[in-house]
Amino acid sequence: MKRKRTLDLETRSAEETIDLGKRIGKLLRLGDVVALIGKLGSGKTTLAQGLARGLGVKKRDYVTSPSFTLIKEYKGKLPVYHIDLYRIDNLREVYDLGYEEYFYGEGVTIIEWAEKVRKLLPQEVMIINLEIIAEKRRRVELIPKGKHCQEIVKRIKC
Ligand SMILES: Nc1ncnc2c1ncn2[C@@H]1O[C@H](COP(=O)(O)OP(=O)(O)O)[C@@H](O)[C@H]1O
Ligand SMILES: [Mg+2]
């Protein structure tokens, strides 16, 4: 029987989502792209915060407040690019951003509202779907594309 590659998890608080992000973040490496998909309030920014922490970004350096900047860059053990496409409504703006530099860049890229750029995502990508189940419960589904991301999911499973 073919083993299921995706991983379906549930978190019961923002802290649990941050912890999950940290665990994943620790396993990310240069060039990895994490695509976060889910409605407003589903926990994308919260998970991104955990990912950044797992990548060695200091808590005090991380900006949680909503911001109008499309791309934030952090210094962890690798450069971390956090892209929030919330305000983007056409691909032109993404092209103008010089997205390739980030999607195939010298760091780790985390993209919120990644469904807006589905066609532009690299073939190897960690897709993470977030869904609101209840006030504090979130479904977090990891869909790894490519060997390395599949390896990460295997390690998160144990
Ligand atoms: N299990 C959970 N995981 C993530 N966030 C949660 C959870 N439970 C409650 N929350 C709250 O939901 C909100 C998620 O916001 P945010 O991460 O900014 O979402 P998004 O970036 O998807 O719009 C935060 O206020 C957070 O405290
Ligand atoms: Mg957000």
Side-chain angles (χ1 to χ4, degrees), residues 4-28 32-55 57 59 61-74 76 80-105 107-146 148-150 152-153 155-157:
K4 210 171 147 223
R5 289 198 168 122
T6 60
L7 178 59
D8 226 330
L9 300 169
E10 190 184 311
T11 62
R12 293 175 171 267
S13 66
E15 292 70 33
E16 264 188 50
T17 298
I18 291 175
D19 281 345
L20 173 63
K22 276 191 204 165
R23 288 177 60 208
I24 299 169
K26 285 191 179 129
L27 301 171
L28 293 170
D32 281 346
V33 176
V34 181
L36 304 177
I37 297 175
K39 286 187 191 149
L40 199 67
S42 60
K44 298 180 297 300
T45 301
T46 304
L47 186 65
Q49 185 183 350
L51 291 167
R53 295 288 307 285
L55 281 158
V57 175
K59 200 172 184 176
D61 292 342
Y62 193 81
V63 192
T64 41
S65 57
S67 139
F68 288 87
T69 29
L70 216 55
I71 300 178
K72 281 175 251 159
E73 184 177 344
Y74 297 100
V80 178
Y81 305 108
H82 180 182
I83 304 182
D84 190 340
L85 300 176
Y86 179 53
R87 288 180 184 81
I88 286 271
D89 41 36
N90 76 70
L91 277 183
R92 180 83 260 149
E93 295 172 65
V94 182
Y95 288 120
D96 291 346
L97 206 68
Y99 78 93
E100 282 149 311
E101 200 184 313
Y102 299 102
F103 286 23
Y104 302 95
V108 171
T109 300
I110 303 164
I111 311 161
E112 290 192 47
W113 299 97
E115 63 268 45
K116 296 188 183 187
V117 291
R118 221 179 247 282
K119 282 181 275 180
L120 303 181
L121 292 176
Q123 279 188 339
E124 304 225 341
V125 59
M126 181 71 87
I127 294 175
I128 304 183
N129 282 322
L130 290 126
E131 223 178 281
I132 302 175
I133 303 172
E135 197 197 337
K136 302 212 119 196
R137 288 168 60 202
R138 301 290 185 274
R139 179 179 177 214
V140 184
E141 187 189 17
L142 309 187
I143 306 168
K145 306 282 180 191
H148 168 57
C149 291
Q150 283 163 11
I152 291 176
V153 167
R155 289 176 64 178
I156 294 293
K157 275 183 187 171

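Excluded from the calculations below are hydrogen atoms, water molecules and symmetry mates; all remaining heavy atoms, backbone and side chain alike, are included. Computed from a predicted structure; not experimentally measured.
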Is there any salt bridge (Lys or Arg N to Asp or Glu O under 4.0 Å) pair reaching into residues 108-135, and which pairs are they, with sequence neighbours excluded?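 Output for this query lists Glu131-Arg139.
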
How many angstroms lie between atom [atom1] of [X] and atom [atom2] of [Y], to the nearest 0.5 angstrom?
X: Met126; Y: Gln150; atom1: CE; atom2: CD; result: 9.0 Å
X: Lys26; Y: Leu55; atom1: NZ; atom2: CG; result: 10.5 Å
X: Leu51; Y: Ile128; atom1: CG; atom2: CD1; result: 6.0 Å
X: Leu70; Y: Asp84; atom1: CG; atom2: CG; result: 7.5 Å
X: Leu47; Y: Glu16; atom1: CG; atom2: CD; result: 12.5 Å
X: Leu27; Y: Cys149; atom1: CG; atom2: SG; result: 10.5 Å

Would you list the pairs meeting side-chain hydrogen bond (donor to acceptor under 3.5 Å, both in side chains) in which at least one residue belongs to residues 32-41, sequence neighbours left out?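 Of all non-adjacent pairs touching residues 32-41, those that pass side-chain hydrogen bond (donor to acceptor under 3.5 Å, both in side chains) are Asp32-His148.
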
Is there side-chain contact between [X] and [Y], with heavy atoms separated by less than 4.5 Å?
X: Leu97; Y: Ile88; result: no
X: Glu101; Y: Tyr81; result: no
X: Gln123; Y: Lys145; result: no

Compare every heavy atom of [Y] with every heavy atom of [X], then report the nearest pair and how far apart it is.
X: Ser42; Y: Ile132; value: CA-CG1, 3.7 Å
X: Ile71; Y: Tyr102; value: CD1-CE1, 3.3 Å
X: Trp113; Y: Gly38; value: CZ3-O, 3.8 Å
X: Tyr74; Y: Asp61; value: CE2-O, 3.2 Å
X: Val33; Y: Pro122; value: CG2-CG, 3.8 Å
X: Ala48; Y: Ile110; value: CB-CG2, 3.9 Å

Results of side-chain contact (heavy atoms from CB on, under 4.5 Å) for [X] - residues two or more places apart only:
X: Leu7; answer: Leu9, Leu142, Val153, Ile156, Lys157
X: Ala114; answer: Ala35, Ile37, Ile111
X: Asn90; answer: Arg92, Glu93

Are any side-chain N or O atoms of Lys44 and backbone N or O atoms of Leu130, one a donor and one an acceptor, separated by less than 3.5 Å?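 Side chain of Lys44 to backbone of Leu130: no pair is present.
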
If only atom types and distance count, is the side chain of Arg138 paired as donor or acceptor with the main-chain N or O of Gly41 below 3.5 Å?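 Between the backbone of Gly41 and the side chain of Arg138 there is a qualifying donor-acceptor contact (under 3.5 Å).
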
Hey, is CZ on Arg155 packed in by over 12 heavy atoms from elsewhere, all under 6.0 Å?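 12 or below, so no.
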
If the test is side-chain hydrogen bond (donor to acceptor under 3.5 Å, both in side chains), which one of Thr11, Thr46, Thr45 qualifies with Thr17?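 Of the listed residues Thr11, Thr46, Thr45, the side-chain hydrogen bond (donor to acceptor under 3.5 Å, both in side chains) partner of Thr17 is Thr11.
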
Excluding sequence neighbours, so at least two apart, what forms ring-ring contact (aromatic ring centres under 6.0 Å, His included) with Tyr99?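 With sequence neighbours excluded, Tyr99 shows a ring-ring contact (aromatic ring centres under 6.0 Å, His included) to Tyr95, Phe103, given in chain and number order.
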
